[in-house]
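Here is how names work: the chains are called A, B, and so on, in the same order as the sequence lines, proteins then strands, and each is numbered from 1.
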Amino acid sequence: MEEDLREGRNDGRIQTRFPPEPNGYLHIGHAKAICMDFGIARNYGGICNLRFDDTNPVKEDVEYVDAIMEDIRWLGYQWANVYYASDYFQQLWDLAILMIKRGLAYVDEQSAEEIAKQKGTPTTPGVESPFRDRPIEESLALFEKMNRGEIPQGTMVLRAKIDMASSNMHFRDPLMYRIITDHPHHRTGYTWKVYPMYDFAHGQSDYFEGVTHSICTLEFEVHRPLYDWFIDQLKQDDYRPRQIEFNRLNITYTVMSKRKMLQLVQEGLVSGWDDPRMPTLCGLRRRGYSPAAIHNFIDKIGYTKYEGVIDLSLLEHSARETLNESATRVSAVLDPVKLIITNYPEQQVEMMDMVNNPEREDVGSHEAPFTKELWIEQDDFMENAPKKYFRMTPGQEVRLKGAYIVLCTGCKKDATGKVTEVYATYDPDTRSGLPGSERKVKGTIHWVSANHALLAEVRLYDRLFSVENPSEEKEKDFRELLNPESLKVLNNCRVEPWLAEAKPLDNFQFQRIGYFNVDLDSTADHLVFNRTVSLKDSWAKSNPS
RNA sequence: UGUCCCGUGGUGUAAUGGUAGCACAGCAGGUUUUGGUUCUGUUAGUCGGAGUUCAAAUCUUCGCGGGACAACCA
């Protein structure tokens, strides 16, 4: 792609831009574009600017400007300059005037419907507007009036005079300007009454800034000839920005359209733009994804022109891979049942050393209290267990992670047959670190001390949609395809006391369960954890309950 | 019945015209105080035809399939 450098074009200069419209939050698809735009600049010793493509005041807001900047910084990038397309309104206006004077643009007084009708179809040519050949002075005067607010919104537009029969629909006298008087622009207020369209603003903005490579997604491929045409009207020397397209990111079990995401937010189907189930960067952040995990993912997917759909499992893999190296291991029991070590002294408390991360000796360990009464997972006890069940079942030995090997002796059940307590005896010689602990035991389970454990809320997230490609379903509205089980809230979880110090967004591995982080809602009195992604579980896979 | 873009294992992505490789997912096994990690093995692919060539995933051509384009959105 970048052999331009070898050919010495633009004096070997590389300049890109990331050009979001401030009308929504950035999502993982934008992250792909950001990594491309900023990454190219970084790799080739060039610069990348942030430019807000704010040519439609109706949809835009400063709220989004700030959020976008935060997300880009979070990904670890710093733009050379911040620009706004609205900075170029005067230059664009001047160019429009020049084009009218050259007979290349005219004011059209027809309605949107009439203009649309005259466009023709991709297979039939359009017809020319009756205003197409109006005198230059007339267009000039009207365009001025349009921008003075003397013309009602929606009644006139400025169009380029190109070719109504072109096989490229975008050449059929595209709109350059429309009147917008009922919405203030988030930066220029009511100064302007006419606003340039995307096609009349984007390439020129690139040109004004000195962009060498204008990288965008595939849907703009058809716009490229028009992009070049407008540049031709402007160009003074050899320099010209070049538009290059790559494929948009699609991921299974989610949607990547701003419109759909906005709908989910507005209709309360998710809790907000930063709902951990959303593919937004703020959502992923809240879910526990790190910038490293996002980069890891983007590096794996590549840039091509093929419009495919990436498996969600690849994103999850990227998260596991990065979190495995960084997340501190802790014990948390999500669905507790009491385990009583019948031969353990009533009041005794032993502090057990828990390794923070077996992958990394340098991060050390922390302590967890061990007592007679513990919480373990319901799942980790079975009264009548199948052969390959390596956890608690009467007569079987199991290791309590970081503590002792215990022998399960039985359980107590209530009237409904539900197990309320599990009993075991411990072998004092098998405390972790002692020679007696070397003994091989099939299973190891996690636990927390009943008297010391903290109560916590845990939010289990799953795929947002129950079908692989919600956008592809023609029959049903995408909202009907939401996964009803995308969020499960557990209110009776017990976590080890060490977690009292955890701060919002800290990542942990709940051993044997998954990666979790502290939610923004979490307080000292009410701990809240989000499941980022589960651990792989080859037992559950081969033994569906 | 237009123009443009794209077709490589289930998924995504590589291969100066010269051994079709990698990752995810799957499967089997070893190691393991996480049924995690890790390691080993393994299943599976160039949309089809014709042409150029000593040699084609790659070049040409004809098909087939998918996508984009007819917003006063970007």
Side-chain angles (χ1 to χ4, degrees), chain A residues 19-21 23 53-56 58-60 85 108 111-112 115-126 153-159 166-172 175-180 194-195 197-199 201-202 216-225 245 247 252 258-259 299-318 320-321 324-325 329 331 355 357-359 388-391 399-403 405 430 432-433 437-446 468 509-515 534-543:
Chain A
E21 184 187 15
N23 69 342
D53 228 340
D54 54 351
T55 57
N56 183 9
V58 178
K59 293 203 212 158
E60 296 152 8
D108 196 331
S111 69
I115 291 174
K117 214 163 140 192
Q118 288 169 357
K119 280 252 158 118
T121 71
T123 52
T124 57
Q153 182 169 323
T155 59
M156 290 189 196
V157 291
L158 183 71
R159 299 177 72 181
S166 172
S167 59
N168 184 335
M169 297 296 289
H170 297 283
F171 272 72
R172 323 250 260 227
L175 269 62
M176 293 165 59
Y177 274 90
R178 78 287 211 186
I179 302 170
I180 298 174
V194 293
Y195 290 90
M197 300 288 290
Y198 168 84
D199 284 310
H202 201 96
C216 61
T217 44
L218 244 29
E219 67 268 28
F220 293 102
E221 214 159 24
V222 230
H223 292 250
R224 197 195 323 151
E245 307 86 8
N247 59 342
T252 54
K258 267 190 206 172
R259 199 196 95 240
D299 287 345
K300 290 181 204 293
I301 61 179
Y303 297 88
T304 68
K305 301 191 90 165
Y306 178 72
E307 302 170 73
V309 187
I310 309 278
D311 261 330
L312 179 61
S313 58
L314 187 59
L315 179 62
E316 294 179 337
H317 168 78
S318 304
R320 288 193 189 101
E321 197 169 66
N324 180 46
E325 292 169 12
R329 272 59 171 172
S331 296
V355 171
N357 188 336
E359 312 293 312
K388 296 231 287 237
Y389 184 82
F390 302 143
R391 312 175 196 178
R399 186 188 302 275
L400 296 177
K401 177 85 183 171
I405 294 173
T430 61
S432 290
S437 70
E438 309 283 308
R439 185 173 2 133
K440 295 281 177 220
V441 182
K442 282 271 189 175
T444 300
I445 65 172
H446 62 280
E468 273 202 8
Q509 184 197 91
F510 287 1
Q511 289 193 102
R512 303 207 303 132
I513 304 175
Y515 295 100
S534 65
L535 249 35
K536 280 201 192 166
D537 189 347
S538 52
W539 165 254
K541 202 184 303 177
S542 51
N543 295 275

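- At least one side-chain heavy atom of A:Arg320 sits less than 4.5 Å from a side-chain heavy atom of A:Ser534.
- Among the protein residues, A:Lys388 comes within range of the nucleic acid bases, having at least one heavy atom under 4.0 Å from a base atom.
- Note on A:Ser432: a base of the nucleic acid sits closer than 4.0 angstrom, heavy atoms only.
- No contact: A:Ser166 has no heavy atom under 4.0 Å from any strand.
- Comparing A:Leu535 and A:Leu400 along RNA chain B, the residue whose closest nucleotide (by nearest heavy atom) sits nearer the 5' end is A:Leu400.
- With a 4.5 Å cut-off on side-chain heavy atoms, A:Ile115 and A:Arg159 count as touching.
- Spacing between B:rG41 and B:rU60 at atom C1', rounded to whole Å, works out to 43 Å.
- Heavy atoms of A:Gln511 sit under 4.0 angstrom from at least one base atom.
- Between the P atoms of B:rA14 and B:rG7, the separation comes to 10 Å (whole Å).
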I would like to know whether A:Lys258 and A:Glu21 meet salt bridge (Lys or Arg N to Asp or Glu O under 4.0 Å); could you show each step before the answer? CA-CA 11 Å; A:Lys258 267 190 206 172; A:Glu21 184 187 15; 5.2 Å; no

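- Within the 4.5 Å cutoff, side-chain heavy atoms of A:Lys300 are placed close to those of A:Glu321.
- Counting only heavy atoms from C-beta outward, the side chains of A:Asp53 and A:Glu60 never approach each other to under 4.5 Å.
- A:Ser166 places a side-chain N or O within donor-acceptor distance of the main-chain N or O of A:Asn168, the cut-off being under 3.5 Å.
- For the P atoms, the distance linking B:rU42 with B:rG21 amounts to 12 Å, nearest Å.
- Looking at heavy-atom distances under 4.0 Å, A:Gln509 makes contact with a base.
- The residue A:Pro358 sits close to a base: some heavy atom pair falls under 4.0 Å.
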Starting from the C-alpha separation in whole Å, work towards a yes-or-no answer on side chain to side chain contact (heavy atoms under 4.5 Å, CB included) for A:Ile180 and A:Val58. CA-CA 8 Å; A:Ile180 298 174; A:Val58 178; 4.0 Å; yes

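- When heavy atoms are screened at a 4.0 angstrom cut-off, A:Tyr198 is found touching base atoms of the nucleic acid.
- Comparing the same atom, C1', in B:rG67 and in B:rG9 gives a spacing of 23 Å after rounding to whole Å.
- In terms of heavy atoms, A:Thr55 sits closest to A:Ala85 at CG2-CB, 3.9 Å.
- For RNA chain B, the span of nucleotides reached by chain A at under 4.0 Å from its heavy atoms goes, 5' to 3', from B:rG2 to B:rA74.
- With C1' as the reference atom, B:rU46 and B:rU58 are 10 Å apart, rounded to whole Å.
- Across all strands shown, A:Phe171 has no heavy atoms under 4.0 Å from either base or sugar-phosphate atoms.
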List the steps and the verdict of side chain to side chain contact (heavy atoms under 4.5 Å, CB included) for A:Leu314 and A:Ile301. CA-CA 9 Å; A:Leu314 187 59; A:Ile301 61 179; 3.9 Å; yes

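- A perpendicular orientation is assigned to the rings of A:His223 and A:Tyr198, their planes being inclined by more than 60° (bins at 30° and 60°).
- Comparing the same atom, C1', in B:rA55 and in B:rG17 gives a spacing of 8 Å after rounding to whole Å.
- Using a 4.0 Å heavy-atom distance criterion, A:Glu359 is classed as a base contact.
- A 4.5 Å side-chain heavy-atom check between A:Glu307 and A:Leu218 finds at least one atom pair inside the cut-off.
- Nucleic acid contact for A:Gly402: base, since at least one base atom lies under 4.0 Å from a heavy atom of the residue.
- No contact: A:Asn168 has no heavy atom under 4.0 Å from any strand.
- Within the nucleic acid shown, A:Ile310 comes within 4.0 Å of sugar-phosphate atoms alone, with no base atom in reach, counting heavy atoms only.
- Here, B:rA20 and B:rA56 have their P atoms 12 Å apart, quoted to the whole Å.
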Could you spell out the base pairing of RNA chain B in dot-bracket, with Watson-Crick or G-U pairs whose two distances are under 3.5 Å, [ ] crossing and | to another strand? .((((((..((((....[..)))).(((((.......)))))....(((((..]....))))))))))).....

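- Within 4.0 Å of A:Lys440, counting heavy atoms only, lie sugar-phosphate atoms of the nucleic acid but no base atom.
- If you take atom P in B:rC62 and the same atom in B:rC54, they sit 24 Å apart, rounded to whole Å.
- Heavy-atom distances to RNA chain B give each of A:Asp199 and A:Val309 a nearest nucleotide, and the one nearer the 5′ end belongs to A:Val309.
- Using a 4.0 Å heavy-atom distance criterion, A:Gly154 is classed as a base contact.
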